Amino acid sequence: MSSHITAPRGTQDILPPTSARWLALERRIHDLARRFGYGEMRTPIFESTELFVRGVGETTDIVEKEMYTFFDKGERSITLRPEFTAPVMRAALEHKLFGQGPQRWYYVGPIFRYERPQKGRYRQAHQFGVECTGYAGPEADFEVIALAWELVRSHGIEDAVLNVNTIGDDVCRPRYREALLAHFRPHADELSADSQRRLEKNPLRILDSKDERDHAFVTTAPTFESVLCDACREHFAALRAYLDAAGIPYVVNPKIVRGLDYYTRTVFEIISCVLGAQSTVCGGGRYDGLVASLGGPPTPAVGFALGLERFLMMLDALHGEVEQPRAGVQAIGLGTQARALLVPLVTELRRMLAQPVFMDYDDRKLLAHLKMADRNNARYALILGSDELAAGELVVRDLEARTDRRIPLGRAGDVAAALGEEQS
RNA sequence: GUGAUUGUAGCUCAGCUGGUUAGAGCGCCUGACUGUGACUCAGGAGGUCGCCGGUUCGAACCCGGUCAGUCACCCCA
């Protein structure tokens with residue numbers, strides 16, 4: 001076994017029938033994005049390393065230790081994308097799209113992060129996300145959250161909870177940072193090792209600590225509320241009013257801080273407890289400074305990313321295996337002559353029918369063929385054996401109703417009609 | 001990156017304090033049955049017990065390493 005080549009750690013093969021679930025989800029995603037007026041953007045899987053260093057933030061974990069970075073043969077530093085927002089903004093900048101007013105894009109595809117794998121956390125993961133640029137007002141925040149929530153809601157996920165928070169802008173966030181430093185620094189020695197590290201790097205993260213030692217200091221820490229500037233306060237209040245009016249349930253969670261540097265004001269996550277520690281299915285927020293930091297015009301923007309693996313896991317946990325209704329036709333030709341007549345008929349049926357047409361080419365008994373029809377979950381069987389051959393007929397069996405009909409052999413249109421599908 | 005835990009057939013799992021030829025159920029193939037499929041019965045295929053090394057007369061079992069999964073931390077989708 002060890003001599004066999006296996007999929008790299010943290011990656012997975014998606015095989016039938018699971019791949020069909022992926023395809024179905026992706027179709028619903030494309031349809032949802034289209035209904036919200038978003039256009040798909042496809043960007044390269046690898047980019048210049050510099051893009052992520054500047055776009056995601058030099059001191060983030062993603063950039064510091066999780067990127068798949070290498071030099072290509074031209075000695076360019078290349079990185080497999082660990083997220084989509086920076087690449088999408090780079091592409092928009094490159095194609096001068098910001099000069100054309102507000103924009104709405106979405107994306108679906110793989111991302112790569114070198115992390116220790118566990119359930120719901122992979123080195124190659126897939127994300128769906130949207131970016132809405134050009135609107136500074138809370139309507140855009142609402143729209144993006146509503147889109148994410150619609151995806152969750154339409155799948156009947158009752159377990160999911162929307163958490164929202166505001167982390168201020170470049171006026172009040174530095175103030176909050178100072179307030180936190182002033183609060184925690186005198187007790188630095190008493191904090192957990194992780195939090196001592198966070199103190200210098202990202203003090204907001206201390207609020208999220210699960211360590212007992214930090215707990216007392218976290219509960220007495222100043223709230224963002226106390227330093228929030230008026231503009232941010234109004235923005236957040238307006239967003240909440242929109243959510244209330246739309247009937248989208250949420251909780252304000254001051255611990256939602258997000259790990260990427262570019263967020264401003266609104267941040268949100270959709271959390272599910274069925275996923276254990278990897279509880280965030282979807283996370284996003286506003287990032288008004290990112291485009292400018294990449295060298296573009298000052299452009300307000302808001303977006304989110306949703307993890308497809310985690311989303312599918314939630315669906316599994318909530319709905320389990322859903323029994324698929326029978327669909328399709330199993331063509332059964334008993335003997336060489338029958339097969340020779342059936343093969344061209346099958347080809348024609350595959351052109352005419354929306355449902356799948358199955359056929360097995362081996363010499364088997366009728367019984368074995370019918371078992372295959374069951375395995376394929378086919379609704380109908382077309383049986384052509386020596387009797388039918390002699391009579392110039394074809395048996396159409398409804399495998400669910402257990403009824404037979406005999407139709408003239410030859411025209412695919414007759415078969416389609418017998419299957420209740422009008423030919424187009 | 002830190003700590004813990006698991007690894008036996010395609011899948012789910014048994015396998016006693018180390019004992020010689022490693023099992024079950026499901027699935028798969030064949031037959032009972034060239035003509036009616038979710039049933040039944042009979043037979044069959046499929047394993048270097050994750051991998052490497054050590055201890056031992058003898059290892060699926062004990063020890064070390066390694067790879068992979070899982071859980072928590074970290075972080076995030």
Side-chain angles (χ1 to χ4, degrees), chain A residues 1-12 15 56 59-66 81-85 107-129 148 192-195 197-198 201-202 205 208-212 256-260 269-272 275-284 303-314 323 326 330 332-335 338 362-381 383-389 395 397-404:
Chain A
M1 282 296 265
S2 71
S3 61
H4 289 134
I5 297 171
T6 56
R9 185 166 203 210
T11 68
Q12 49 193 172
L15 313 173
V56 178
T59 61
T60 59
D61 275 23
I62 290 178
V63 171
E64 274 184 348
K65 47 194 187 192
E66 296 178 0
R81 68 178 172 219
E83 59 108 53
F84 271 94
T85 299
Y107 55 80
V108 189
I111 58 150
F112 305 86
R113 292 182 194 173
Y114 190 86
E115 295 184 275
R116 184 136 163 199
Q118 60 190 75
K119 191 185 288 267
R121 187 165 89 175
Y122 306 99
R123 290 182 172 178
Q124 174 173 340
H126 296 77
Q127 291 188 342
F128 156 58
S192 65
D194 278 332
S195 287
R197 186 174 47 78
R198 291 178 182 117
K201 202 172 133 185
N202 188 355
R205 277 249 161 253
D208 198 18
S209 173
K210 289 163 191 162
D211 197 295
E212 287 286 324
I256 301 288
V257 293
R258 311 292 303 153
L260 284 64
E269 293 184 3
I270 295 175
I271 291 171
S272 161
L275 299 169
Q278 312 305 318
S279 59
T280 303
V281 191
C282 170
F304 72 79
L306 175 133
L308 296 189
E309 282 84 357
R310 290 186 187 178
F311 192 69
L312 252 7
M313 282 167 63
M314 274 175 66
E323 203 167 312
R326 283 179 173 274
Q330 180 85 33
I332 301 175
L334 269 16
D362 289 336
D363 275 315
R364 297 176 202 278
K365 297 178 177 177
L366 178 63
L367 196 118
H369 274 112
L370 287 167
K371 278 184 179 164
M372 297 190 97
D374 272 333
R375 209 184 309 161
N376 289 328
N377 205 29
R379 171 72 194 270
Y380 300 98
I383 304 169
L384 182 59
S386 47
D387 293 358
E388 291 82 6
L389 227 36
V395 169
R397 173 170 305 160
D398 184 328
L399 294 168
E400 203 165 82
R402 293 171 164 262
T403 55
D404 281 6

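A, B, ... follow the sequence lines: proteins, then strands. Residue 1 opens every chain. The model shown is predicted, which means the values in this text are computed figures rather than measured ones.
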Please state how far atom [atom1] in [X] lies from atom [atom2] in [N], giving the value in whole angstrom units.
| X | N | atom1 | atom2 | value |
| --- | --- | --- | --- | --- |
| Asp194(A) | G3(B) | CG | C1' | 13 Å |
| Asp363(A) | C29(B) | CG | C1' | 16 Å |
| Leu370(A) | U34(B) | CG | P | 15 Å |
| Arg123(A) | C67(B) | CZ | P | 11 Å |

Answer yes when [X] and [Y] have at least one side-chain N-carboxylate O distance shorter than 4.0 Å, and no when they do not.
| X | Y | result |
| --- | --- | --- |
| Glu66(A) | Arg116(A) | no |
| Asp61(A) | Lys201(A) | yes |
| Asp398(A) | Arg402(A) | no |

Does the side chain of Gln330(A) come under 3.5 Å of the side chain of His369(A) through a donor N or O and an acceptor N or O?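 No, no side-chain donor-acceptor contact under 3.5 Å.
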Tyr107(A) and Phe84(A) aromatic ring geometry - parallel, tilted or perpendicular at 30°/60° bounds: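 Rings of Phe84(A) and Tyr107(A): parallel, under 30°.
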Between Glu400(A) and Arg326(A), which heavy-atom pair has the shortest distance, and what is it?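 Of all heavy-atom pairs spanning Glu400(A) and Arg326(A), the closest is OE2-CD, 3.7 Å.
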Just checking [X]: base, sugar-phosphate only, or nothing, at a heavy-atom cut-off of under 4.0 Å?
| X | answer |
| --- | --- |
| Glu83(A) | nothing |
| Gly276(A) | sugar-phosphate |
| Arg9(A) | sugar-phosphate |

Quick one: is A38(B) close enough that its OP1 or OP2 comes under 4.0 Å of any side-chain N or O from Lys371(A)?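 No.
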So, is Arg198(A) close to the C74(B) phosphate, meaning a side-chain N or O under 4.0 Å from OP1 or OP2?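 For Arg198(A), the contact criterion (side-chain N or O under 4.0 Å from OP1 or OP2 of C74(B)) is met.
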Given a 3.5 Å cut-off on both pairing distances, which stems involving RNA chain B, each at least three consecutive Watson-Crick or G-U pairs, are present, if any?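 So far as stems of 3 or more pairs are concerned, RNA chain B shows B:1-7 with B:67-73, B:10-13 with B:23-26, B:28-32 with B:40-44, B:50-54 with B:62-66.
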Reading RNA chain B from 5' onward, which residue's closest nucleotide shows up sooner: Gly10(A) or Glu66(A)?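 Mapping each residue to its closest nucleotide by heavy atoms, the 5'-most match is Gly10(A).
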Here's a test of your reading of the structure: between Pro117(A) and Arg121(A), which maps to the more 5' nucleotide of RNA chain B?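 So the residue in question is Pro117(A).
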